[in-house]
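Working notes for the structure below.
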There are 2 protein chains.
Amino acid sequence: MALGFLSGNAPRLDGLIERLESAEGLEDLQILIEELRDRYGVDHIVYHWVNSNGEQYGCGTYDLEWVNRYLEKGYLRVDPVVAGCYQRFHPVDWKRLDWSSKAARALMQDAIAYGIGNQGYSIPLRGPNGQFALFTLTHNCSDGEWEDFTISNRRDLILVAHYFNQKALEFEPGRTPEPAQPLSPREIEAMTLLAVGYSRAQAADTLSISEHTLRVYVESARHKLGAMNTTHAVARALSRGVIVV
Amino acid sequence: MALGFLSGNAPRLDGLIERLESAEGLEDLQILIEELRDRYGVDHIVYHWVNSNGEQYGCGTYDLEWVNRYLEKGYLRVDPVVAGCYQRFHPVDWKRLDWSSKAARALMQDAIAYGIGNQGYSIPLRGPNGQFALFTLTHNCSDGEWEDFTISNRRDLILVAHYFNQKALEFEPGRTPEPAQPLSPREIEAMTLLAVGYSRAQAADTLSISEHTLRVYVESARHKLGAMNTTHAVARALSRGVIVV
DNA sequence: ATCTAACTCCCCAGAAATAGCGAGGGGGCA
DNA sequence: TGCCCCCTCGCTATTTCTGGGGAGTTAGAT
């Protein structure tokens, strides 16, 4: 199959992006991702939520068979695409990743056998609370063709990936942060100092108050955050954006 | 001052984005951000790296006076823009944030006094290891004008913000303190359980291992994360995205 | 074949955090 | 005025965490 659009004649995505912006459910995303694949003329496009807890959400054009195999084999843990994107900010061509490990080569061979394609381009996406997702295009073609394709479409792809992630975050349940009871300024200071590694004594010293007073703040913050202990409280404060470190 | 570009006649940014992509230093970013402000005809554009450790990097068109005041007053900790963007993925109009707290209103008044403008639009950006940055445009105009402006330019702004962050990450490798030594699966499990409030004993029980073994993981994770204590380690793991709660 | 890294278990002593009891002054709000 | 929240401080006892030590197996990488 030939790539539909190389340099100079990229498809107009305005309409598609608008429909993406007004998508109202995960089904819409699936429809749009298939349409996008056809417009670009690539073999596969996949949006994929990566979460170390094992939970996953994804939509895309991979065969279910391959997805299941990927999960069963635990490829998530050895996939250089995941590892590589996790350390990067900018989109990455699969060729530039490190495929030297045995497990990675096995994964690649397996993927090709399942028709994923020998080329790939993945865009890392990050949301609140450590959310991490990938937007990936794969195809079967020469290195040169792939490079032309990715270079001439990179900006559109970043935008499309961004909106996919925005919608996925919007639709995905289980991300409902409880209405955070606000912490007092002193409580925030105390929690922040603990979060950056200070002990209670050090934090108290830094704020020029007695350790006991600091303890009161921490306890108070803990109760407000509904936390079991200080570590838990700091974790909650961080993931709710109450403190920033 | 009137906005240069509203719906229908947004500036062509291709050339600017290309120069952004080929920027070779922080000075180039400063030049480009000023050019961008002039092209859009807004009062200010600022890219800044948010990190409560006190370290900050930023470039933009704010007066140094205001930047210093912001830091001195500790506005970072009370700024609804920071807190709001920290919990969102999509760009946000300042009007939609919660300015009800006294500190937030004081900040807003102060900002207006320093000529920041009554309108603002901020794009949250996230990179590896929990990096978090903001790309902000501010202006002095009516709500309607601002809405027209942001709606018609939102896509370009996302792209520009993306490339700014990419370049800033590229030029400031020192912002990634340790090369993010990856945690082992067991270490991640242990840290995750601690982050959700389990004591060491509970976590060990949950993983069906002895408390001593769990302790080994926690200690190991702590060293890998360069943390002073468990709370610090969990905070770092969270803000680097090593664990997800 | 060797080596590193991950995973598992054990003991001990000192440091730190937690849980409970207190107390009083200041500011905002009804 | 009364109420509630924020800020500040003290004491004691118990539980938990931290920082040393050592030791064995398994699996993957060189």
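Scope of the values below: all heavy atoms of this structure, side chains included, with no hydrogens, waters or symmetry mates. In what follows, chains are A, B, ... by sequence order, proteins preceding strands, each numbered from 1. Note that the coordinates shown come from a computational prediction; the quantities given were computed from them, not determined experimentally.
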Residue [X], side-chain atoms from C-beta onward, closest of [options]:
| X | options | result |
| --- | --- | --- |
| B:I209 | C:dA17, C:dC9, C:dT18 | C:dC9 |
| B:Y217 | D:dT8, C:dA19, C:dT8 | C:dT8 |
| B:S210 | D:dC7, C:dC9, D:dC9 | C:dC9 |
| A:R186 | C:dT8, D:dC7, D:dC9 | D:dC7 |
| B:R222 | C:dT8, C:dA17, D:dG19 | D:dG19 |

Report which part of the nucleic acid [X] touches: base, sugar-phosphate, or nothing (heavy-atom distance under 4.0 Å, all strands).
| X | answer |
| --- | --- |
| B:S199 | sugar-phosphate |
| A:S184 | sugar-phosphate |
| A:T230 | sugar-phosphate |
| B:V218 | nothing |

Between [atom2] on [N] and [atom1] on [X], what's the gap in Å once rounded to a whole number?
| X | N | atom1 | atom2 | answer |
| --- | --- | --- | --- | --- |
| A:H223 | C:dT18 | NE2 | P | 11 Å |
| B:M228 | C:dA15 | CE | P | 16 Å |
| A:K102 | D:dT30 | NZ | P | 11 Å |
| A:R200 | C:dA15 | CZ | C1' | 12 Å |
| A:H212 | D:dA13 | NE2 | P | 16 Å |
| B:N229 | D:dG19 | CG | C1' | 13 Å |
| A:E211 | D:dC7 | CD | C1' | 17 Å |
| B:E219 | D:dG21 | CD | C1' | 13 Å |

For the helix from C:dA1-D:dT30 to C:dA30-D:dT1, figure out the bend between the end axes, five pairs an end, and round to 10 degrees.
70°

Is it true that B:K167 and B:E170 have a side-chain N and a carboxylate O under 4.0 angstrom from each other?
yes

Residue set satisfying side-chain contact (heavy atoms from CB on, under 4.5 Å) with B:A235, at least two apart, ordered chain then number -> A:A195, A:V234, A:L238

Just jot down the side-chain contact (heavy atoms from CB on, under 4.5 Å) partners of B:H232, sequence neighbours excluded, or say none.
B:A227, B:M228, B:N229, B:R236

Hey, is the side chain of B:R215 pairing donor to acceptor with the base of D:dG21 inside 3.5 Å?
no

Could you tell me how the ring of B:W146 sits relative to the ring of B:Y121: parallel (under 30°), tilted (30 to 60°) or perpendicular (over 60°)?
perpendicular

Would one find a side-chain N or O of A:K224 under 4.0 angstrom from OP1 or OP2 of D:dC6?
yes

Any side-chain to backbone donor/acceptor pair from A:R105 onto A:S100? Under 3.5 Å, distance only.
yes

4.5 Å side-chain heavy-atom contact, B:W49 and B:L125
no

Check whether the ring centres of A:F149 and A:Y40 lie less than 6.0 Å apart, and answer yes or no.
yes

Do the two ring centres, one from B:H162 and one from B:F135, sit under 6.0 Å apart?
no

Quick one: on DNA chain D, does A:S220 or A:S101 contact a more 5' nucleotide (nearest heavy atom)?
A:S220

If you pin A:L183 and A:A103 to their nearest nucleotides in DNA chain D, which one's is more 5'?
A:L183

